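Heavy atoms only: backbone and side chains are in, while hydrogens, waters and symmetry mates are out. In the text below, chain A, chain B and the rest are named by the order of the sequence lines, each starting its count at 1. None of the values given here were measured: they were computed from a predicted structure.
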Number of protein chains: 2
Amino acid sequence: MPRAGLNPQVVVRAAAQLADEVGYDRLTLAELANRLGVALPSLYKHVKGADALMQKLSTLATAELAAETTTAAAGRSGADALRVVAHAYRSYAHRHPGRYVAAQRAPDPSDPEHVAVAERAVGVAYAVLAGYGISGTAAVDAARMFRAALHGFVSLEAMGGFGLPRDVDRSFDQLIAALDMAYRAWPSTSAQAGELTAGP
Amino acid sequence: MPRAGLNPQVVVRAAAQLADEVGYDRLTLAELANRLGVALPSLYKHVKGADALMQKLSTLATAELAAETTTAAAGRSGADALRVVAHAYRSYAHRHPGRYVAAQRAPDPSDPEHVAVAERAVGVAYAVLAGYGISGTAAVDAARMFRAALHGFVSLEAMGGFGLPRDVDRSFDQLIAALDMAYRAWPSTSAQAGELTAGP
DNA sequence: ACCACAAAGCTATTAGTCATAGCTAGAAAG
DNA sequence: CTTTCTAGCTATGACTAATAGCTTTGTGGT
């Protein structure tokens with residue numbers, strides 16, 4: 001029996017492809033081994049187990065997402081950067097639904113590479129906000145809103161949470177416009193922001 | 001051996017409790033049967049299977065979420081309603097993490113009850129937006145942004161996506177303030193909104 | 001009071017998943 | 001040509017969902 005010539009990278013990339021095809025929750029070691037032409041236990045020569053594979057997959061997907069959004073933002077700032085980053089983010093989720101779900105996995109503090117790519121991905125948001133002059137404590141709140149809006153929209157869309165599929169592109173543009181307006185008027189410190197909503 | 005006195009409602013409520021305790025993804029029929037003091041196959045006398053149970057759990061959770069946000073909004077409007085609905089939403093997710101994940105399941109069109117509660121849950125968002133004078137096509141975009149922002153924030157928070165836990169409450173208040181501002185200035189038709197972001 | 005029957009529980013079994021132990025054979029280094 | 005490392009394998013075990021078929025319980029009709 002000839003060897004398949006596997007290595008950890010090949011296995012993870014095949015897992016990414018499989019996740020995109022059948023869905024992240026249907027990604028299984030048995031099917032992955034089948035696609036790679038080996039028996040299931042052979043995979044354990046390259047990855048520690050199913051959970052470790054998911055973690056590596058998450059790292060891969062987060063790195064790709066960070067790279068694409070970073071590329072999109074290159075040479076742009078302000079509303080322009082906001083718009084292209086948001087569209088690149090959603091585009092990635094559309095093209096790689098399985099990877100996108102994997103990217104949502106919380107970074108394991110004991111995995112420095114995973115932590116590093118997660119910080120790179122979040123860094124794109126901070127770069128966009130810098131174009132609006134938002135920094136420091138205020139940027140933490142603003143970045144959280146940015147991530148929440150994008151992730152919430154994309155994940156609701158992916159799970160079929162929006163009834164009418166026709167207007168989704170327009171709704172997304174509208175979301176971007178609202179974020180743009182919010183960031184133009186963003187309070188410079190979050191302490192001030194707290195005052196605005198502190199009702200009785 | 002005395003009977004356990006189970007029925008579909010008891011099983012689903014126990015599943016909800018178990019999901020909140022151990023996490024939605026660790027909810028298993030074996031453990032559920034164990035908690036209820038019966039053997040695993042006995043559950044099949046009350047629910048059709050694991051998937052049907054998850055669906056009923058989703059219906060239960062969505063109904064509870066709709067009820068709590070509706071109650072919170074009672075007698076309020078505008079920024080006041082926005083604020084209490086958002087806080088009720090996040091509070092539910094904190095108190096019932098397993099149920100909250102279950103509530104994200106896409107409603108099955110062949111399950112009228114599930115569809116009905118899902119519409120009730122979304123209806124709360126439309127009621128809030130009506131307080132800002134937003135209706136018709138524009139309300140679809142606005143409601144999607146509302147849901148995306150809330151769900152995105154809560155799910156990122158739940159998965160540990162926010163590095164610094166201290167400021168999360170303040171970030172959420174800031175998110176609410178930004179939504180309030182966006183809705184105050186919301187364009188009356190989404191066609192106009194599209195123009196604002198249609199860059200070259 | 002009793003019998004019949006529907007429902008609720010059980011044991012036993014099958015299929016699919018992740019995982020580990022231990023063997024075998026291919027490839028490369030000396 | 002031999003030695004050694006390792007990528008692959010078979011075999012096995014634990015856990016999960018699911019189904020079949022039997023037994024018991026509780027209840028309703030006579």
Among [options], the one nearest [X] by side-chain distance:
X	options	result
A/Leu40	C/dA19, D/dA7, D/dA17	C/dA19
B/His46	D/dC9, C/dT11, C/dG9	C/dG9
A/Pro41	D/dT10, D/dA17, D/dG8	D/dT10
A/Ala50	C/dA19, D/dG8, C/dC10	C/dA19

Just so I know, are the side chains of A/Glu64 and A/Thr69 near enough to count as touching, which here means a heavy-atom distance under 4.5 Å?
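Answer no - side chains too far apart.
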Heavy-atom check, side chain of B/Tyr100 versus side chain of B/Tyr24, under 4.5 Å:
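The answer is no; the side chains never approach within 4.5 Å.
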Respond yes when some side-chain nitrogen or oxygen of A/Ser42 is under 4.0 Å from OP1 or OP2 of D/dA7, and no when none is.
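No, A/Ser42 has no side-chain N/O under 4.0 Å of OP1/OP2 on D/dA7.
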Any chance CD of B/Gln17 has more than 12 other-residue heavy atoms, nucleotides or ligands included, within less than 6.0 Å?
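Open: at most 12 neighbouring heavy atoms sit under 6.0 Å from CD of B/Gln17.
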Around atom CZ of B/Arg26, are there more than 12 heavy atoms of other residues, nucleotides or ligands at under 6.0 Å?
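Atom CZ in B/Arg26 is not packed in, count stays at 12 or less.
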Name the residue closer to the 5' end of DNA chain C, choosing between B/Ala39 and A/Met54 according to the nucleotide with the nearest heavy atom.
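With B/Ala39 and A/Met54 compared, the 5'-side residue is B/Ala39.
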Considering only NZ, NE, NH1 and NH2 on the basic side and carboxylate oxygens on the acidic side, decide whether A/Arg99 and A/Glu21 come within less than 4.0 Å.
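A salt bridge is absent here (no side-chain N lies under 4.0 Å from a carboxylate O).
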Charged tip of B/Arg184 within 45° of B/Tyr132 ring normal and under 6.0 Å:
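Not flagged: B/Arg184 not positioned over aromatic ring of B/Tyr132.
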Length of the line joining [X]:[atom1] and [N]:[atom2], which is rounded to integer Å:
X	N	atom1	atom2	value
B/Leu53	D/dT16	CG	P	15 Å
A/Tyr44	C/dC18	OH	P	7 Å
A/Lys45	C/dG22	NZ	C1'	9 Å
A/Leu43	D/dA7	CG	C1'	12 Å
B/Leu6	D/dT24	CG	P	20 Å
A/Asp51	C/dA19	CG	P	8 Å

Please step through ring-ring contact (aromatic ring centres under 6.0 Å, His included) for the pair A/Phe153 and B/His151, ending with a clear verdict.
CA-CA 8 Å; A/Phe153 193 96; B/His151 170 58; over 10 Å; no
For DNA chain D, find the residues of residues 13-33 of chain B with a heavy-atom distance under 4.0 Å and give them by number; none if there aren't any.
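The stretch gives B/Thr28, B/Leu29, B/Ala30 as the residues lying under 4.0 Å from the strand, ordered by number.
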